[in-house]
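Report on the structure given below.
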Amino acid sequence: MESNKKDFYNYFSQNLIKGFVYLIVLVGLLILFKSYFKTQYDTIEHWVSDDYVLMLVIFLISEVLVGILPPELFMIWSIDDPGNVYTIIVIVMAFLSIGAGWINFAVGKVISTKAFFHRYFNKSLTKYQQRYDQYGAGFIIVAALTPLPYSLISLVTGSMDYPIRKYLIYSSFRILRFVVYGIVIWNLEGVI
């Protein structure tokens, strides 16, 4: 039992460190892109961030499609907004992300009964199912807090017929991730 807890904390720590390394790399790449392609960067940033509804719709679609665009990118694009607007955007993004996870959870519940799911997806999702079997609800928390593909893990969780109430409780840790990353990114204003 003690070894299992230690394994879980190691797994969580490794993914948390990967998350911050990932954030540093993302910021570095954006700084490079912005310094060499300022006009293009400004065009993309303003196209997305000047229309909050458009930005949040793109974010929601990305989250439903297993996080194609990282949430931090949308936070960075919103950094020029006043503090209260930025805070609202980060909070809305957190709830949209949880909603996207719930959508994938529901899809997982529905498609898990279909033969094509077992034929095509079951093999590719095996590593997540193994982690899920190993850490249980802790795996949902790790996915909510770290760069693990939260929506994909929500799909796996739904396909395993996990109780929705427990899933939503553990998924709420996603809010903490957005708050912490939002604060970190806000404090990078002027660097990015």
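Values in this document were obtained by computation on a predicted structure and should not be read as measured data.
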Within-4.5 Å side-chain heavy-atom neighbours: [X] and [Y]:
X: L188; Y: I76; answer: no
X: Y170; Y: Y162; answer: yes
X: Y86; Y: I185; answer: yes
X: S171; Y: W102; answer: no

| Are L56 and V85 in one and the same hydrophobic cluster, where Ile, Leu, Val, Met, Phe, Trp and Tyr link if side-chain heavy atoms are under 4.5 Å apart? |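 Yes; tracing contacts between hydrophobic side chains, which count when under 4.5 Å, links both residues.
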Common cluster, V184/I79, ILVMFWY with side-chain heavy-atom separation under 4.5 Å: yes
By side chain to side chain contact (heavy atoms under 4.5 Å, CB included), K18 pairs with (sequence neighbours left out) N15
Would you compute the distance between atom [atom1] of [X] and atom [atom2] of [Y] and round it to the nearest 0.5 angstrom?
X: W77; Y: M75; atom1: CH2; atom2: CE; value: 13.0 Å
X: K109; Y: T157; atom1: NZ; atom2: OG1; value: 10.5 Å
X: I141; Y: T146; atom1: CD1; atom2: OG1; value: 11.5 Å

Could you go through residues 88-100 and list every donor-acceptor pair under 3.5 Å that involves a side-chain atom there, pairing it with any protein atom two or more places apart or in another chain?
{"unit_1": "S97", "atom_1": "OG", "unit_2": "E63", "atom_2": "OE1", "d": "2.6"}
{"unit_1": "S97", "atom_1": "OG", "unit_2": "R174", "atom_2": "NE", "d": "2.7"}
{"unit_1": "S97", "atom_1": "OG", "unit_2": "R174", "atom_2": "NH2", "d": "3.3"}

Which atoms form the tightest heavy-atom contact between [X] and [Y], and what is the distance?
X: S154; Y: G101; answer: CB-O, 3.2 Å
X: L73; Y: L69; answer: CD2-CD2, 4.4 Å
X: P82; Y: W186; answer: C-CH2, 4.1 Å
X: T39; Y: T43; answer: O-OG1, 2.8 Å

*Could you walk me through whether I111 and L155 pass the side-chain contact (heavy atoms from CB on, under 4.5 Å) test, one step at a time?*
CA-CA 9 Å; I111 66 172; L155 181 93; 4.3 Å; yes
side-chain contact (heavy atoms from CB on, under 4.5 Å) test vs L145 passes for just one of L176, I175, V180, I140, namely L176
Please name all residues satisfying ring-ring contact (aromatic ring centres under 6.0 Å, His included) with F105, sequence neighbours left out, ordered by chain then number.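 So F105 forms a ring-ring contact (aromatic ring centres under 6.0 Å, His included) with Y167.
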Practice problem: With sequence neighbours excluded, tell me which residues meet ring-ring contact (aromatic ring centres under 6.0 Å, His included) with F173. | Solution: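 F173 satisfies ring-ring contact (aromatic ring centres under 6.0 Å, His included) with no residue once adjacent residues are dropped.
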Applying side-chain hydrogen bond (donor to acceptor under 3.5 Å, both in side chains), name anything that partners S151, two or more places apart in sequence or on another chain.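 S151 satisfies side-chain hydrogen bond (donor to acceptor under 3.5 Å, both in side chains) with N104 only.
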Apart from V21 itself, what residues make up its hydrophobic cluster when side-chain heavy atoms of I, L, V, M, F, W and Y under 4.5 Å apart count as a link, directly or indirectly?
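Grouped by the 4.5 Å side-chain rule, I17, V25, L29 form the rest of the cluster around V21.
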Item to complete: Determine whether more than 12 heavy atoms belonging to other residues, nucleotides or ligands lie under 6.0 Å from atom CZ of F37.
Response: no
